[in-house]
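Working notes, beginning with the structure itself.
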Number of protein chains: 2
Amino acid sequence: MDIAAQRKRGRPPKRIDGGLETRQALVRAGVIALTEKGFAATGIDDVLTQVGVPKGSFYHYFASKEAFGAELIDSYAAYFDHKLDRWLGDRRQPPLGRLHDFMADARRGMQRHDYRRGCLVGNLGQEMAALPESFRARLIEVLLGWQQRLQVCLEEAQAAGELAAGHDCAQLAGFFWIGWEGAVLRAKLERRAAPLDCFSRGYLALLGATAPEGFGFTKEG
Amino acid sequence: MDIAAQRKRGRPPKRIDGGLETRQALVRAGVIALTEKGFAATGIDDVLTQVGVPKGSFYHYFASKEAFGAELIDSYAAYFDHKLDRWLGDRRQPPLGRLHDFMADARRGMQRHDYRRGCLVGNLGQEMAALPESFRARLIEVLLGWQQRLQVCLEEAQAAGELAAGHDCAQLAGFFWIGWEGAVLRAKLERRAAPLDCFSRGYLALLGATAPEGFGFTKEG
DNA sequence: GGAATACTAGACTGGCCGGCTAGAAAATCA
DNA sequence: TGATTTTCTAGCCGGCCAGTCTAGTATTCC
């Protein structure tokens, strides 16, 4: 890496950003690595060579791999929360259309990375047995936040008459993330979008949405 | 381990089973380890000490960790195929009742192991990025087999009038395993049955099943 | 009975990975 | 300007892990 070659020993020239750049680069590379390979399979050296930073620097910025991991979860959570707020909170769209758009966007995202990147939270959730126990609560909390956001969106759908009033939005929102994580996992395994599409269709059918684009779970017609 | 204490050096007395016992014990322990921790996090030594077998024996029976892993997948697949055949093929029950019973059984299974064991296929699927590429096709194949079995069951449900004729059983079967893997993952993460229940209810609601035990996704009443 | 076979015993190796520490240069201050 | 502090880096260390190797012993085959 070019950056590594130019890097000199000793304190580097002061940067305008106050040296946050290196740290941020590590976090960014770490998040990518975790979405691809999970925590255990991601070596610190992987991240380091990716960014072009030597090991000593890493332990200047982070106390341990565990602390690093915790920060990666937070960073990903913040990123994803923002993403959800943008999609699901877009008042210019009807509520169910927002959900549909979010799924389509996520689909594009996975496709763009050749289905190599999944969901950081899903990956770490599966790994929990071999992970610092402190991660568990945080991961659950993050998922709950997403669930909450979707619940609000579904309630707005009810208010707009897009969703039958009888439905339990909390349950439906919970159901979505359970299944969506499964769909992302499967899409990564199969390296194709079909699982995402299958789950999207099925979920909208469960909501009883009138299929705008051939959605719905009945044979054509 | 007692077995280890009794184990003597040298060629052991011929066993009726032709020496399959040690090998089987390794496979059994391996499968358990993979359902709990996945492939990467499972050390060969873990399995070895668990069973009380020295390393030399392991490499007598298996060419490599990869070969061992491949066999674990097959073993788990065979076990699970059998399980599905028993539940979903039980002609004494109505088709949708069988599916319900299968889910209830799986739920009991997870509970029995304190939600520490998940699905071997799901675990390895998530890990694929760091796994021998040869595993991928096999994992997909296994899931397809499960899907096939459920599809047949759903078609029988249609024939029995339990399921609306318009539903696409192949799609619905695919949807189930996508979401079910997600539910198992989430149950393992949260160490409780709620995600399994949530998905079960939702899926049966999607089928349009008349809720026999309070299932369905609408607020009570 | 001697040779081949089947399996076990467990030390050893080489590589990788998380973590650590001495040290070097910029920044700050007297 | 020179001492001191702060900030960051180079590269080593110890532990773990897959896989190897040699030795050893009971059984079977010839």
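Every chain is numbered from 1, with letters handed out A, B, ... down the list of sequences. Keep in mind the model is a prediction, meaning the values are calculated, not measured.
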So, is T22(B) near the phosphate of dT8(C), with a side-chain N or O under 4.0 Å from OP1 or OP2?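 Checking T22(B) against dT8(C): at least one side-chain N or O falls below 4.0 Å of OP1 or OP2.
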Taking 4.0 Å as the cut-off, does a side-chain nitrogen or oxygen of H60(B) come that near to OP1 or OP2 on dC7(C)?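 So the side-chain polar atoms of H60(B) do come within 4.0 Å of the phosphate oxygens OP1 or OP2 of dC7(C), strictly under.
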Residue pairs fulfilling side chain to side chain donor-acceptor pair (under 3.5 Å) with at least one residue in residues 35-44 of chain B, sequence neighbours excluded: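 Residue pairs with at least one partner in residues 35-44 of chain B: E36(B)-R117(B), K37(B)-D46(B).
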Under a 4.0 Å heavy-atom cut-off, which of residues 131-138 of chain B touch DNA chain D?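 Those residues whose heavy atoms fall under 4.0 Å from DNA chain D, taken from residues 131-138 of chain B, amount to none.
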Does a side-chain N-to-carboxylate-O contact under 4.0 Å join D101(A) and R98(A)?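 Not counted as a salt bridge, because no side-chain N and carboxylate O are separated by less than 4.0 Å.
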Hey, could you give me each pair passing salt bridge (charged side-chain N to carboxylate O under 4.0 Å, His left out) that has a residue in residues 169-178 of chain A? Not counting sequence neighbours.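 Pairs touching residues 169-178 of chain A that pass the test: none.
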Scan for salt bridge (charged side-chain N to carboxylate O under 4.0 Å, His left out) pairs involving residues 123-134 of chain A, sequence neighbours excluded, and state none if there are none.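 Sorted result for residues 123-134 of chain A: E133(A)-R136(A).
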With sugar-phosphate taken as primed atoms, P, OP1 and OP2 and all else as base, the protein-contact string of nucleotides 13-18 of chain C at under 4.0 Å (heavy atoms; B, S, -) is -----B
In chain order, what residues pass the side-chain hydrogen bond (donor to acceptor under 3.5 Å, both in side chains) check against [X], with sequence neighbours excluded?
X	answer
E181(A)	none
Q148(B)	none
R92(A)	D90(A)

Over how many whole Å does the gap from [X] atom [atom1] to [N] atom [atom2] extend?
X	N	atom1	atom2	result
E66(A)	dG19(C)	CD	C1'	14 Å
F58(B)	dA9(C)	CZ	P	16 Å
L48(A)	dG19(C)	CG	C1'	12 Å

Could you list all the ring-ring contact (aromatic ring centres under 6.0 Å, His included) pairs where at least one residue sits in residues 126-157 of chain B, not counting sequence neighbours?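 Applying ring-ring contact (aromatic ring centres under 6.0 Å, His included) to every pair that reaches into residues 126-157 of chain B, excluding sequence neighbours, yields F39(B)-F135(B), F80(B)-W146(B), W146(B)-W177(B).
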